[in-house]
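Chain letters run A, B, ... following the sequence lines, proteins first and then strands; every chain starts at 1. Not measured: the values here are computed from a predicted model.
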2 protein chains.
Amino acid sequence: MTATTGACCAPIAREPLTEHDAAELATLLKAVADPVRLRLLSMIGSHAGGEACVCDLTDAFDLTAPTISHHLKVLRTAGLIDGERRGTWVYYRVVPETVSRLGALFTPLVTV
Amino acid sequence: MTATTGACCAPIAREPLTEHDAAELATLLKAVADPVRLRLLSMIGSHAGGEACVCDLTDAFDLTAPTISHHLKVLRTAGLIDGERRGTWVYYRVVPETVSRLGALFTPLVTV
DNA sequence: ATATCATTTAGACACATGTCGAAGCAGGAG
DNA sequence: CTCCTGCTTCGACATGTGTCTAAATGATAT
């Protein structure tokens, strides 16, 4: 990668998005455009060991378990997190590639 | 390519967001979590001269003028674009600081 | 097998959001 | 002034979304 670029601005401001790309990116952005999901993503990513149990997450909110489960599903469907069951508990961890994809959209290329 | 050294991860995955920060960021993200607004932002930012007339934007969509105006207002309220009337036409341009703020959230620190 | 705990699914409901048509404002042109 | 054009605001409507309760599934222990 490392497109030569004039580093003028973020990719989103460099050339017009196609209708298709815009639709795809919007679904990704919708997944993070919610305060609860934003905190969930943040809590999972910053948790020791890189993963967090659902039980840890649920306790941090004033919401019911089904609601948290719903939000986790949205994040997982968007490819932002990945879940795995180990015994009694389910553990989630973030998928950094997808997170970076979001960042790249709005970040001016700092090609060193 | 972005130097992925020392930096472990994006800010959002470094430490848990506070409830307050999450709410604030979510409103910003909601503003861009729509395919039409994503394209509008992209078209304005990549337009020659750094600004675009509403008339140019409206023609690019299969939507009515009120709908485009509504989306522009959402972007402007979020601080992502700034509009100004000059004579007959209204011109919009992006506010790079706000766009960068979004990018920084999801981008691993580039150790420059 | 039964009980119990952790998580997800299903169904329902209130509220937010994207879209439209109609009407209102602002600025030029005749 | 009156018209016309560009853009925004208003009000209404259908659809989408966040939340809940109730019930289902999975896994472990008794």
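- Of all nucleotides in DNA chain D, those with any atom nearer than 4.0 Å to a heavy atom of chain B start and finish, going 5' to 3', at D:dG6 to D:dT9.
- With B:T77 contributing its side chain and B:K73 its backbone, the two residues share a donor-acceptor pair below 3.5 Å.
- If you take CH2 of B:W89 and C1' of C:dG28, they are 9 Å apart, rounded to a whole angstrom.
- The cluster map of Ile, Leu, Val, Met, Phe, Trp and Tyr, joined by side-chain heavy atoms under 4.5 Å apart, puts B:V90 and B:I44 in the same cluster.
- Considering A:L80, A:T98, A:V74 as possible partners of A:V32, the one that fulfils the side chain to side chain contact (heavy atoms under 4.5 Å, CB included) test is A:L80.
- Remark: side-chain polar atoms of B:S46 are paired, donor with acceptor, to backbone N or O of B:S42 under 3.5 angstrom.
- Counting non-hydrogen atoms under 4.0 angstrom, B:S69 reaches a base of the nucleic acid.
- Exactly one of B:L75, B:V54, B:L40, B:L41 qualifies for a side chain to side chain contact (heavy atoms under 4.5 Å, CB included) with B:Y92. That residue is B:V54.
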Are any protein N/O atoms closer than 3.5 Å to N/O atoms in nucleotides 17-23 of chain C? If there are, list each pair with its distance.
residue	atom	partner	partner atom	Å
C:dG18	OP1	B:R37	NH2	3.1
C:dG18	OP2	B:R37	NH1	3.4
C:dT19	OP2	B:H71	NE2	2.4
C:dC20	OP2	B:T64	N	3.1
C:dC20	OP2	B:T64	OG1	3.2
C:dC20	OP2	B:T67	OG1	2.8

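- Looking at heavy-atom distances under 4.0 Å, B:Y91 makes no contact with the nucleic acid at all.
- Within 4.0 Å (heavy atoms only), B:F61 reaches no atom of the nucleic acid at all.
- Not one N or O on the side chain of A:R76 forms a donor-acceptor pair closer than 3.5 Å with the backbone of A:G83.
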